[in-house]
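Below is one structure, written out as structure tokens; the observations come after it.
All values derive from a computational prediction rather than experimental measurement.
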Amino acid sequence: MRRVAFPRAVVSCPKPSDARRPTPRAYSWTASNNRRGSSMLVIERVGLYPDLVPYQEGWDLQKAVHAGVVDGTRPDTLLLLEHEAVYTAGRRTLAEERPVDGTPVVEVDRGGKITWHGPGQLVGYPILRLPEPVDVVAHVRRLERLLIAALSDFGVDGRQIEGRSGVWVRRPLSEDKVAAIGVRVERGVTLHGFAVNCDNSLAPFRTIIPCGIADAGVTTISEVAGRIVTTADVARVVERVFAASSAEVYA
């Protein structure tokens with residue numbers, strides 16, 4: 001077992017116990033806002049390339065973790081993973097925003113509209129008990145600030161845009177989204193989360209209107225940085241940024 005110290009965090013890397021996928025690595029610290037007696041937030045790296053996670057498997061894991069956070073049997077948790085290719089449509093997705101080639105779409109119960117997940121994109125599901133009164137917009141803005149801090153490690157100047165969720169970068173001819181956010185809160189605990197385009201193909205976005213926004217583009221960290229930045233690269237920084245910023249996010 002290898003243990004690495006982060007500020008206010010301890011990293012534990014168990015030996016693999018599953019032939020198909022390594023046991024998730026747990027990052028924990030003591031600044032959780034869980035009100036049911038837990039004093040720790042755990043970050044699990046569930047599966048990155050080549051161990052891609054099918055969307056349904058990730059959704060089942062989300063629901064199981066959410067149930068544990070709701071009833072107080074497990075701490076707040078952030079799941080980090082990379083999905084097999086899939087389109088997911090939030091509740092507000094319109095017919096004209098769906099794939100024009102008839103590609104199947106998974107209907108999900110998060111906010112927002114349609115998007116794509118797949119290889120080269122880091123997905124994070126923060127399953128957290130929010131403080132009362134619940135403020136979903138504040139939760140989204142905190143996630144945006146954390147992702148902006150993470151992107152800066154790669155020389156990417158991410159920014160927030162008033163009235164639009166996610167993280168954006170200014171390009172020569174447009175504002176392009178580099179990270180999408182879509183969440184749901186049930187019984188005071190969050191579901192779903194963020195998706196950061198690292199080194200994925202942008203072709204899947206051309207058959208939909210990503211997030212229902214027709215007047216903006218989509219980009220990747222690799223495209224903006226001018227070099228290959230993988231999901232593993234970004235996961236390491238996201239883990240560190242969440243740990244260092246835990247007091248702001250979970251207090």
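In terms of heavy-atom proximity, L78 sits nearest to P126 at CD1-N, 3.5 Å. For the pair S165 and V140, the tightest heavy-atom approach, listed with the atom from each and the gap, is CB-CG1, 4.1 Å. Summarising the geometry of S201 relative to W116, their closest heavy-atom pair is O-CZ3, 4.4 Å, with the distance given to 0.1 Å. Minimum heavy-atom separation, V105 to T88: CG1-C, 4.2 Å. Scanning all heavy atoms of the two residues, the minimum distance from V42 to P75 falls at CG2-CG, 3.7 Å. The two residues P99 and I114 come nearest to each other via the heavy atoms CD-CD1, 3.7 Å.
Taking 4.5 Å as the limit, every side-chain heavy atom of V178 sits out of range of all side-chain heavy atoms of E223. Taking the side chain as every heavy atom from C-beta outward, T93 and R98 approach each other to under 4.5 Å. Taking the side chain as every heavy atom from C-beta outward, P119 and L52 approach each other to under 4.5 Å. Side-chain atoms of R129 and D76, non-hydrogen and from C-beta on, do get closer than 4.5 Å to each other. A 4.5 Å side-chain heavy-atom check between D233 and C198 finds every atom pair outside the cut-off. You'll find the side chain of R164 stays beyond 4.5 Å of the side chain of K177, heavy atoms only. Counting only heavy atoms from C-beta outward, the side chains of T115 and F205 approach each other to under 4.5 Å. Under the 4.5 Å side-chain criterion, counting only non-hydrogen atoms from C-beta, V108 is not in contact with W59.
Separation of atoms CZ (R170) and OG1 (T219) is listed at 14.5 Å; rounding is to 0.5 Å. Interatomic distance, I221 CD1 to R227 CZ, rounded to the nearest 0.5 Å: 9.5 Å. Within the model, atoms CZ of R236 and OG1 of T231 stand 9.0 Å from one another, a figure rounded to the nearest 0.5 Å. The distance from the CZ atom of R142 to the NE2 atom of H139 is 8.5 Å, given to the nearest 0.5 Å. Expressed to the nearest 0.5 Å, how far CG of L80 lies from CG of L122 amounts to 5.5 Å. L151 CG to D157 CG: the interatomic distance, rounded to the nearest 0.5 Å, is 9.5 Å.
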Handout entry: Check against side-chain contact (heavy atoms from CB on, under 4.5 Å), Y55 and E84
Key = CA-CA 7 Å; Y55 188 81; E84 295 178 351; over 6 Å; no
Handout entry: CA sep, side-chain torsions, deciding dist, call: L147, F194, side-chain contact (heavy atoms from CB on, under 4.5 Å)
Key = CA-CA 9 Å; L147 295 177; F194 58 83; 3.8 Å; yes
Exercise for the section: Could you give me the CA-CA distance, side-chain angles and deciding distance for V167 and R159, then say whether side-chain contact (heavy atoms from CB on, under 4.5 Å) is met? Expected result: CA-CA 6 Å; V167 177; R159 57 195 298 262; over 6 Å; no
Practice task
Go through L191 and V185 one step at a time and tell me if the side-chain contact (heavy atoms from CB on, under 4.5 Å) criterion holds.
Solution key: CA-CA 6 Å; L191 283 159; V185 178; over 6 Å; no
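A donor-acceptor pair is defined here as one N or O able to donate and one able to accept, closer than 3.5 Å; such a pair exists between the side chain of T190 and the backbone of L128. When atom types are taken as modelled, the side chain of H83 and the backbone of V53 share a donor-acceptor pair closer than 3.5 angstrom. The backbone N or O of V189 sits less than 3.5 Å from a side-chain atom of H66, completing a donor-acceptor pair. Formation of a donor-acceptor pair under 3.5 Å by the Y125 side chain with backbone atoms of L61 is not found in this model. Proximity of a side-chain donor or acceptor of R74 to a complementary backbone N or O of V65 within less than 3.5 Å is not detected. With Q121 contributing its side chain and V196 its backbone, the two residues share no donor-acceptor pair below 3.5 Å. Distance alone, capped at 3.5 Å, is enough to place a donor-acceptor pair between the Q62 side chain and the H192 backbone. Formation of a donor-acceptor pair under 3.5 Å by the N197 side chain with backbone atoms of T220 is not found in this model. A donor-acceptor pair under 3.5 Å is absent between the side-chain atoms of T77 and the main chain of I43, judged by distance alone.
Under the rule for a side chain to side chain donor-acceptor pair (under 3.5 Å), the partners of Q56 that lie at least two apart in sequence or sit in another chain are D60. Judged as a side chain to side chain donor-acceptor pair (under 3.5 Å), and not counting sequence neighbours, the contacts of R141 are E144. Residues forming a side-chain contact (heavy atoms from CB on, under 4.5 Å) with D199 (at least two apart in sequence, or on another chain): S222, I228, T230.
Look at E239 and R45 and you find a salt bridge, because one of the NZ, NE, NH1 or NH2 atoms lies within 4.0 Å of a carboxylate O, short of that distance. Between K113 and E107, none of the side-chain N atoms (NZ, or NE/NH1/NH2) sits under 4.0 Å from a carboxylate O, so this pair counts as no salt bridge.
By the rule that hydrophobic residues join a cluster once side-chain heavy atoms approach within less than 4.5 Å of another member, L94 and V106 end up as members of separate clusters.
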